[in-house]
Amino acid sequence: MIAIGSDHGGYELKQEIIQYLESEGYAYKDYGCYGTESCDYPEFAKKVGHAIINKEAEKGILICGTGIGISIAANKIKGIRCALCHDCFSAEATRLHNNSNILAMGGRVVGPELALKIAKTWLETEFSDEDRHNRRINLIED
Ligand code: RB5
């Protein structure tokens with residue numbers, strides 16, 4: 001299950017990502033927002049982050065205007081490793097090295113075609129599970 005959320009600044013890109021998830025057969029749940037009316041990104045970061053911590057979802061995708069505020073808010077939740085990525089190299093590396101459980105992007109930063117490639121790369125890359133990466137992740141979590 002993929003938990004997805006955005007504020008108004010990420011709403012349009014979120015709709016594109018949802019279409020992609022549907023076309024690829026991913027199970028997902030949209031935690032809002034549900035329109036372009038101005039709203040507060042921490043609310044959706046918390047909903048998606050808690051869905052992962054509560055094991056309702058394995059991974060999440062969060063989108064705001066820049067991806068910055070929503071990723072900062074998500075990373076306040078213990079156990080969340082939210083990676084803000086605007087390129088495919090970072091999307092792959094953060095799954096391999098950080099086992100990131102949320103991908104954040106900025107709807108005002110990347111166009112839909114690049115965003116979909118970033119999401120595809122992130123969703124399809126498994127954690128390397130190498131000792132050095134597990135050790136470093138554990139050092140974050142103390
Ligand atoms: C909303 O205007 C904007 O501040 C928000 O989407 C995001 O970019 C915050 O980091």
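When a ligand or atom number is given, it counts from 1 through the structure's own listing order.
- Of the protein's non-hydrogen atoms, Cys64 SG, 3.3 Å is the one closest to atom 7 (C) of ligand 1.
- Of all the atoms in ligand 1, the ones that sit under 4.0 Å from a non-hydrogen atom of Asp7 are 1 (C), 5 (C), 6 (O).
- Between Asn138 and Arg135, every side-chain heavy-atom pair lies at or beyond the 4.5 Å cut-off.
- Judged by the 6.0 Å distance and 45° axis criteria, Lys59 is not positioned over the aromatic ring of Tyr26.
- Using a 4.5 Å heavy-atom cutoff, the side chains of Tyr41 and Ile68 are not in contact.
- Per-residue contacts place His8 under 4.0 angstrom from the following atoms of ligand 1 (heavy atoms of the residue considered): 1 (C), 2 (O).
- The minimum heavy-atom distance between Gly60 and Ile52, with the atom names listed, is N-CD1, 3.5 Å.
- Distance from atom 9 (C) of ligand 1 to its nearest protein heavy atom, with residue and atom name: Tyr41 CE2, 3.5 Å.
- Trp122 does not carry Lys117 over the face of its six-membered ring by the limits of under 6.0 Å from the centre and within 45° of the normal.
- If you number the atoms of ligand 1 from 1 as listed, the ones under 4.0 Å from a heavy atom of Gly65 come out as 5 (C), 6 (O), 7 (C), 8 (O).
- Ranking the protein heavy atoms by distance from atom 10 (O) of ligand 1 puts Gly69 N, 2.9 Å first.
- Residue contact check: Thr66 has heavy atoms under 4.0 Å from atoms 7 (C), 8 (O), 9 (C), 10 (O) of ligand 1.
- Atom NE2 of His50 is separated from atom CD1 of Ile77 by 4.0 Å, given to the nearest 0.5 angstrom.
- For atom 2 (O) of ligand 1, the closest non-hydrogen atom of the protein is Arg108 NH1, 3.4 Å.
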